[in-house]
2 protein chains.
Amino acid sequence: MMSDAPGGESLLFLTDEQLRQGIEAMFFAYRGFTADPDRILAGMAYGRAHHRAIHFINRAPGTTVNNLLILLGVTKQSLNRVLRTLVEDGLVESKVGKADKRERHLYLTEAGEALERKLSDAQRARMRSAYRAAGPQAVAGFRQVLEAMMDGDLRRKYQALRDSGT
Amino acid sequence: MMSDAPGGESLLFLTDEQLRQGIEAMFFAYRGFTADPDRILAGMAYGRAHHRAIHFINRAPGTTVNNLLILLGVTKQSLNRVLRTLVEDGLVESKVGKADKRERHLYLTEAGEALERKLSDAQRARMRSAYRAAGPQAVAGFRQVLEAMMDGDLRRKYQALRDSGT
DNA sequence: AGTTTAAGTCAGTCTTGTTGACATTCCAAG
DNA sequence: CTTGGAATGTCAACAAGACTGACTTAAACT
């Protein structure tokens, strides 16, 4: 299984082969990770980009377009297309900022929240089952490695989001 | 009692919030994970699709087109476009099968291996540094959760690949 | 001989990313 | 107070990479 002894000196023997296994695990796992929401969205006129936008608007209601595009790591033009369809379809509401009228603050409508729930229920179910299968200690390790894998900038944004959540 | 290790029961308290943090960690980490190869490929006429093809051809030299497209989870038309440019540019060699002449067996040329090394060096460096930062126990947990997150079919393919490697 | 399989091709569509150009709003320096 | 730059968001056009569907070729299987 884990080739070398799980925990101890094995780090010193980090072979390219072990690293490549990690790379492939990441690739295959990400496919599983996105599979359920993708399936749900397939029928509708939406894709993964819509899912991500909905997720983070739900996470931080009232966030601005600028905030969102930094989180998502896409250009504002790219995000705008997605956002426009979501607003047109009545899933997202875009309110002109009070203090700064250049800003648009984004909120999910009830319909938007319903879709968000549907999508994240599916994704959470998979995450939950993976967590259960692997056990609590594995989960802690999982999170540690993922955090270490992020770019510094994103890591800070992730941590801010995480700590604001609970 | 079944030794309730540190956090033994915490699985029972898996809140939606904890799961969502895992989901977001996965999202941000994957961005970091692909960032370096993407940067390298940006200048060239290649993208992430070419990287994946090169990776798995290197991993399993002589693999067939059909094998590859199952691993990658794309259609043959999609893979073919990528493969054609790689063959044209002399990075991949496609040999007619000996036993079954319908099959094409794929190999990296020297130039292909050079690019593979360049890409995977970058990706391994990030993986290595994440592993080092998180520690050996975390790495074991990371791998366990990732495996549990894969679709059953892909998990089998991943494990076959993994066990063939070393 | 007839069917199935492996691979490749052509055409068309969709999602999602990109640049470039532009409008609006804010703010600060003259 | 005005004016010019910076920030925010929108519109338009394009490219990469995925998809489906229809078709061809060659080889293998039955």
Side-chain angles (χ1 to χ4, degrees), chain A residues 27 30-31 34-35 37-57 62-89 92-107 119, chain B residues 27 30-31 34-35 37-55 57 62-89 92-107:
Chain A
F27 171 68
Y30 198 77
R31 287 253 296 279
T34 56
D38 281 359
R39 243 189 306 276
I40 293 173
L41 291 164
M44 333 177 54
Y46 300 140
R48 216 174 277 181
H50 300 83
H51 179 197
R52 294 195 286 252
I54 288 175
H55 174 99
F56 284 110
I57 294 172
T63 189
T64 64
V65 172
N66 209 23
N67 259 327
L68 199 52
L69 65 87
I70 292 172
L71 271 181
L72 295 175
V74 297
T75 59
K76 60 184 176 174
Q77 295 92 330
S78 192
L79 176 58
N80 191 257
R81 180 172 358 89
V82 166
L83 238 33
R84 187 168 40 202
T85 70
L86 290 174
V87 169
E88 278 169 7
D89 297 350
V92 167
E93 212 178 350
S94 167
K95 293 182 184 169
V96 174
K98 273 184 192 164
D100 188 333
K101 288 179 195 162
R102 290 172 304 181
E103 296 178 338
R104 300 298 130 89
H105 297 275
L106 303 169
Y107 303 87
L119 293 170
Chain B
F27 170 67
Y30 199 76
R31 287 254 295 282
T34 56
D38 281 359
R39 242 189 307 276
I40 293 174
L41 291 164
M44 333 176 55
Y46 300 139
R48 215 176 277 180
H50 300 82
H51 179 197
R52 293 195 287 253
I54 287 175
H55 174 100
I57 293 173
T63 190
T64 64
V65 172
N66 212 20
N67 259 327
L68 198 52
L69 62 87
I70 291 171
L71 270 181
L72 295 174
V74 297
T75 60
K76 63 178 178 176
Q77 294 92 329
S78 199
L79 176 58
N80 193 256
R81 180 172 3 91
V82 166
L83 234 36
R84 189 168 37 200
T85 69
L86 289 174
V87 170
E88 276 170 5
D89 296 351
V92 167
E93 212 178 350
S94 167
K95 293 183 183 169
V96 173
K98 273 185 191 164
D100 188 333
K101 289 179 195 162
R102 290 172 305 180
E103 295 178 338
R104 299 297 133 86
H105 298 276
L106 303 170
Y107 302 88

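Order of the sequence lines fixes the chain letters, A, B, ..., with proteins taken first and strands second; residue numbering starts at 1 for each chain.
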**Study point:** Which nucleotide in D:dA18, D:dT10, D:dA28 has an atom nearest any side-chain atom of A:R104
**Key:** D:dT10

Study note, to complete from the structure: On DNA chain C, more 5' by nearest nucleotide between A:K98 and B:E103 is B:E103

Revision key, fill the gap. DNA chain C: first to last nucleotide in contact with chain A (atom under 4.0 angstrom from a heavy atom), 5' to 3', is C:dT15 to C:dC26

Review point. Starting at CG of B:L72 and ending at P of D:dC19, how long is that distance when rounded to a whole Å?
Key: 10 Å

Check your understanding: Separation of B:Q77 atom CD from D:dA16 atom P, in whole Å?
Key -> 19 Å

Check your understanding: Is B:H105 touching bases, backbone alone, or none of the nucleic acid, heavy atoms closer than 4.0 Å?
Key -> nothing

Practice item. Might you point out which heavy atoms bring B:G47 and B:L41 nearest each other, and give the distance in Å? Key: O-CD1, 3.3 Å

Check your understanding: What is the distance, rounded to the nearest whole Å, between atom NZ of B:K101 and atom C1' of D:dC29?
Key -> 15 Å

Exercise for review: Could you say whether B:T64 or A:R102 is positioned toward the 5' end of DNA chain C, judged by the nucleotide with the nearest heavy atom to each?
Suggested key: B:T64

Exercise for review: Please step through side-chain contact (heavy atoms from CB on, under 4.5 Å) for the pair A:T64 and A:H105, ending with a clear verdict.
Suggested key: CA-CA 5 Å; A:T64 64; A:H105 297 275; 3.7 Å; yes

Check your understanding: Looking at A:V82 and A:A49, what are the two nearest heavy atoms and their distance?
Key -> CG2-CB, 3.8 Å

Review point. With under 30° as parallel and over 60° as perpendicular, where do the rings of A:Y46 and A:H50 fit, or are they tilted in between?
Key: tilted

Practice item. Grab the CG-P distance between B:N80 and D:dT24 for me, whole Å please. Key: 18 Å

Review point. Looking for any heavy atom pair under 4.0 Å, which part of the strands does A:K76 touch: base, sugar-phosphate only, or nothing?
Key: base

Exercise for review: For side-chain contact (heavy atoms from CB on, under 4.5 Å), just list the numbers for A:I40 and A:L119, CA-CA rounded to whole Å, side-chain angles, deciding distance to a tenth of an Å, and then say yes or no.
Suggested key: CA-CA 7 Å; A:I40 293 173; A:L119 293 170; 3.8 Å; yes

Practice item. For B:R81 and B:Q77, run side-chain contact (heavy atoms from CB on, under 4.5 Å): C-alpha distance rounded to whole Å, both residues' side-chain angles, the deciding distance at 0.1 Å, then the answer. Key: CA-CA 6 Å; B:R81 180 172 3 91; B:Q77 294 92 329; over 6 Å; no

Check your understanding: Closest heavy-atom contact between B:F27 and A:L71?
Key -> CE2-O, 4.0 Å

Check your understanding: Separation of A:R81 atom CZ from D:dA16 atom P, in whole Å?
Key -> 15 Å

Point to revise | Atom of A:L79, atom of A:V65 and distance for their closest heavy-atom approach | key: CD2-O, 3.7 Å

**Study point:** Strand-adjacent residues in residues 39-48 of chain A, judged by heavy atoms under 4.0 Å from DNA chain C
**Key:** A:A45, A:G47, A:R48

Point to revise | side-chain contact (heavy atoms from CB on, under 4.5 Å) between A:D38 and A:R48, worked out | key: CA-CA 7 Å; A:D38 281 359; A:R48 216 174 277 181; 2.6 Å; yes

**Study point:** Integer-rounded Å distance: D:dA6 P and A:N66 CG
**Key:** 16 Å

Check your understanding: Reckon B:R52 has a side-chain N or O less than 4.0 Å from the OP1 or OP2 of D:dA18?
Key -> yes

